[in-house]
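Numbered from 1 within each chain, the chains take letters A, B, ... in sequence-line order. Please read these numbers as outputs of a predicted model, since none were measured by experiment.
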Amino acid sequence: MLEKKFNPSAVENDLYHLWEESGFFSANPEQKDKKPFAIMIPPPNVTGTLHMGHALTMTLQDTLIRWRRMQGYDVLWQPGTDHAGISTQLVVDRKLSEKGIDRKSIGRDKFIKHVWEWKAESGGEITKQLRRLGASLDWKRERFTMDEGLSEAVKKVFVTLYREGLIYQDKRLVNWDPVFRSAVSDLEVESKEVNGHLWYIHYPIENSDQIITIATTRPETMLGDVAVAVHPENAKYKHLVGKNIVLPLTGRLIPIIADEYSDPEKGTGAVKITPAHDFNDFEVGRRHDLKLITILDESAAIDISELSENEKTEFVLSLAGLPRDKARKQIIAELERLEILEKAELHRNQVPHAERGGAIIEPRLTTQWYCDAPTLAKPAIEAVQTGKIKFVPKQWENTYFAWMRDLQPWCISRQLWWGHQIPAWYGPDNHVFVAYDENEAKEQAFKHYGKEEILRRDEDVLDTWFSSALWPFSTLGWPNDTAELSRYYPGNVLITGFDIIFFWVARMMMMGTHFMKDIPFETVYLHGLVRDEKGQKMSKTKGNGIDPLEVIDEFGADAMRFTVCALTGPGRDIKLGKKRIEEYRSFITKIWNAARFCEMNEVKYDPSFSTNDVKLSLNRWILGELSQAITDATSALEAFRYDEYASVCYHFTWDKFCDWFLEFAKAAFQNEDQTIVKETRAVAALVLKTLLQILHPVVPFVTETLWHEFNFGQKGTLMVSSWPDATPFATVKTKESSEEIDWVVRFISDIRTLRAEMNVPPAKFISAYLKDANINTLHYATIWGDAIKRMARVDSIEPLQGDLPKDSAQTIVNEATVILPLAGIIDIDAEKVRLNKELDKIADELTKLNTKLSNENFIQKARPEIIEESRERLTQLTHDKERVELALKHFK
RNA sequence: GGGUGUAUAGCUCAGCGGGAGAGCACUACCUUGACAUGGUAGGGGUCACAGGUUCAAUCCCUGUUACACCCA
């Protein structure tokens, strides 16, 4: 016997372990008779804990994976985690400082040892949590971006790209995080608008009493000014071009130059140029061959070492070592004292901030490793243009193109300790040797120098995204030629959030097309973000997040999964509150209760039962509906329409199976004719079994539980059962049965409506008469008598003999009029109102239809089937109108 | 400043060139032998606004407004 209530927490762990231990999650490249289907998990940070975003993306992936597995594919869902450079380093750093250990004092090697120890202890948290979701990942193949094989792949890629000239060192401005003291890529910088000032400063012109006023938001960088730029067409300043400025504070002589970068409309139209501390100024400097003077150190404090001796005035010396904001205050005060600060305006500044950590980013001149992304992007762009890779929803392709066509070189080196150390060594003269290992580097050095030299390894590590870019092939064993690689590359679909298109998706496409000479996946499905009920982004700081593990504890994994699926429309963020999950939990309960009802009525699976034997209309009808549901569910999944898939499951289960089939079956189960009872039981079992199968991908736990409770298969085997085929159910003759069931449904519904509107107490059974009913209708009324009586609460259904009883309510079902004698109950005025309302509605419709049909243009130009349809509706409505009018006449 | 998306019932969202839909919420009634996490019935919408195309527009096109996001 099934428990009265479904208790998810009692079954989830057991079932999951059973599945995992049975090896059902495992891909097998040797299964040549099966087609492969592969999805690479977006590797969560090894430091991560499960949040709603994971719950969303993993549910969508698992649903697809389970469905394809049932369809008979050899499915690989590749799990793993990302070493997450900065995050992990920070986590371990914090742990160590709690113990009073300073990272720098123990040195790099010891620190990295600590990180690995931390990973061994706490790194598996997220993978345990993914199991709670029911995610059917192939855990035996779990990988880590820092494990040996993947590190090999990283090295191979780096060395190869270097030798191809696609990785190189360059000294240029880079986004510098002065807190982490590391370079970061353009993508990791977000510009934020903050309140600041625009300062107007007088710059005196050499050998003259004239001045030029420049406007700046960053006066502290004036120590590094090397020019003042004006627009070449700017009449106000044209004559000054070529003259020199005596730069305040340092006394440096700098030229006034003409450059279109200077916008005459902004500030004063004259701008100071500081090429070592501003990306635009850097370009100006390059065009005019200006000197680069760095005046900030790696922590963004004033550094005057590049200033010449005579520039180091007493004031300038006093600035040395000051953080940039303090230096700014000092300089402003000094300019005021010198009376060359004209004014300060309030100003909204765009200030670059580090996405991680939030530090204000400082453009900084350093030597870094770069990857030639623009070149690698070309085949990746082409793959989308030619349709080899498709984005779903398609509009993301535009975003992708826009970004890919305007790529900057990708800065791939980071000044961190945790990560893939760059395989580059330097000789005493800083000549660089890129090699697989130190021995190879030494060989190169020997050839280069003609003797052995001591080499120093590059300290830097690679951007975390560099290794994740290789994920689709590095996890499969590349650079070795493995069975997995040839079978599961390219993957079928990548499912992830749109927020990492550039970080991850695009880079996998670049690396994949370059190294594998083939796309990494055929389809990119991009889902939205999970937001709270109000549409706010969930975040730790706001505290508006929902913990998926709490949700699972409270409502069960199935409820959460179904909710996520149901809410995942195309190209939309999803707004999620606990309330929504609670709502959809009712659906899980409904499935459970429907199953309990079946069990109580001795619904049992009969493998020998064939759908060809089905005789009863009710049974033929539900099989037809089931066939439709299978078709719809399948095509919804094929189109990544998770909302539609959920909706098909929901409505078939609730509206068709529970509300009508099981309700009608109540009468059938009580029938004296045992063949009827037997057939209905067998069909109920078949429908329930199939229903569990189409529901399984999204709600695996409740379905798998019912699967073995009903003995549809051994415990845990639903997930490897075959995805149902709609055809055998569709071949059961269902058309006539549909007409019949549709009639009964309409008949019952209409009587219910009448009863409700006439306020007939539910407990009261009434009589029903049929007027003008044809022979079919009368036949239906007879054979469905029991069900109708129970469900519409009538005690007799008979053809009307003689006159219309007094005080009757009437309604029209197809050709017949249904008459309910309600003497003593009916409120005649209310009935008149109701009928008149009905009449108005029909009249409105008729007017519209008549106008349309008398329009010659419509008759000439509209599609014939539309015209035919309109004519049919006109006939039907005219008929209905007559009936209602007749009913009204009765009261006169 | 450039780009993308969204605007449909009180809320959250589907939909579609030809009769406005779902879930929840709401109202009324019902503890009928699976389920009150339930059942039955009902109310509720100028499909953001303004033009255009069309026999026909909530749907296609243009513009406007509002909101969200991305890029600079």
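Here A/K841 does not pair with A/E838 in a salt bridge; the nearest charged N to carboxylate O distance is not below 4.0 Å.
Atom OG of residue A/S586 and atom OH of residue A/Y650 lie 7.0 Å apart, to the nearest 0.5 angstrom. Here the CZ-CG distance, from A/F498 to A/L529, works out to 4.5 Å after rounding to the nearest 0.5 Å. With rounding to the nearest 0.5 angstrom, the SG atom of A/C658 is 9.5 Å from the CZ atom of A/F652. Interatomic distance, A/L618 CG to A/F664 CZ, rounded to the nearest 0.5 Å: 7.0 Å.
For A/S749, the listed nucleotide lying nearest its side chain is B/A41; candidates were B/G23, B/A14, B/A41. Checked against B/U12, B/A34, B/A14, the side chain of A/R580 finds its nearest nucleotide in B/U12. Proximity note for A/F502 (side chain, C-beta onward) versus B/G18, B/U37, B/C70: the nearest is B/C70.
Taking atom C1' in both B/C70 and B/C35, one finds a spacing of 47 Å when rounded to whole Å. Nucleotides B/U40 and B/C59 are separated by 35 Å at their C1' atoms, to the nearest Å. Going from the C1' atom of B/U58 to that of B/C71 covers 32 Å, rounded to whole Å. A distance of about 15 Å separates the C1' atoms of B/U46 and B/A7, rounded to the whole Å. Distance noted for atom P between B/U53 and B/A57: 11 Å (whole Å). Between the C1' atoms of B/A72 and B/C16, the separation comes to 38 Å (whole Å). Rounded to a whole angstrom, the distance from the C1' atom of B/A56 to that of B/G18 is 6 Å. B/G44 and B/G1 have their C1' atoms separated by 44 Å, with the value rounded to a whole Å.
In this entry the distance linking CD of A/E644 with P of B/C16 reads 9 Å, nearest Å. Taking atom OH of residue A/Y400 and atom C1' of nucleotide B/G5, one finds them 21 Å apart after rounding to whole Å.
Note on A/E663: a base of the nucleic acid sits closer than 4.0 angstrom, heavy atoms only. Residue contacts shown for A/K861 include a base, since a base heavy atom lies under 4.0 Å away. Residue contacts shown for A/C598 are absent, as no nucleic acid heavy atom lies under 4.0 Å away. Among the atoms of the strands shown, base atoms are found under 4.0 Å from some heavy atom of A/R863. Among the protein residues, A/Y650 comes within range of the sugar-phosphate backbone only, with heavy atoms under 4.0 Å from sugar or phosphate atoms but none that close to a base. Here A/R790 lies out of heavy-atom contact (under 4.0 Å) with every strand. Heavy atoms of A/T753 sit under 4.0 angstrom from primed sugar atoms or phosphate atoms, though from no base atom. Counting any heavy atom pair closer than 4.0 Å across all strands shown, A/D659 reaches sugar-phosphate atoms only and no base atom. Among the atoms of the strands shown, none is found under 4.0 Å from any heavy atom of A/R834. Nucleic acid contact for A/K579: sugar-phosphate only, since backbone atoms but no base atoms lie under 4.0 Å from a heavy atom of the residue. A/R873 comes within 4.0 angstrom of a base, heavy atoms only. Backbone-only engagement by A/E845 is indicated by non-hydrogen atom pairs under 4.0 Å involving sugar-phosphate atoms exclusively. Here A/A862 lies in heavy-atom contact (under 4.0 Å) with a base.
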Trace of the side-chain hydrogen bond (donor to acceptor under 3.5 Å, both in side chains) decision for A/S185 with A/E188: CA-CA 5 Å; A/S185 83; A/E188 290 160 291; 3.1 Å; yes

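Between the base of B/A68 and the side chain of A/Q536 there is no donor-acceptor pair shorter than 3.5 Å. For a distance-only test at 3.5 Å, the side chain of A/S586 fails to qualify as a donor-acceptor partner of the base of B/U37.
Taking the side chain as every heavy atom from C-beta outward, A/Q810 and A/R883 never approach each other to under 4.5 Å.
Shown here, B/G44 forms no base pair; nothing in the strands shown gives a Watson-Crick or G-U wobble contact with both key distances under 3.5 Å. Across every strand in view, B/C69 sits in a pair with B/G3 that passes the Watson-Crick or G-U test at under 3.5 angstrom. Nucleotide B/A50 forms a pair with B/U62, judged by Watson-Crick or G-U wobble geometry with both contacts under 3.5 Å. Using Watson-Crick or G-U wobble geometry with both donor-acceptor distances under 3.5 Å, B/U32 finds no partner in any strand shown. Figure legend. B/A20 is base-paired to no nucleotide; pairs are counted as Watson-Crick or G-U wobble with both atom distances under 3.5 Å. Using the Watson-Crick or G-U wobble rule with both distances under 3.5 Å, B/A56 pairs with nothing in any strand shown.
At B/C29, none of the side-chain N or O atoms of A/R755 fall inside 4.0 Å of OP1 or OP2 (strictly under the cut-off).
Annotation: cation-pi geometry satisfied between A/K666 and A/F597 (NZ/CZ under 6.0 angstrom from ring centroid, within 45° of ring axis).
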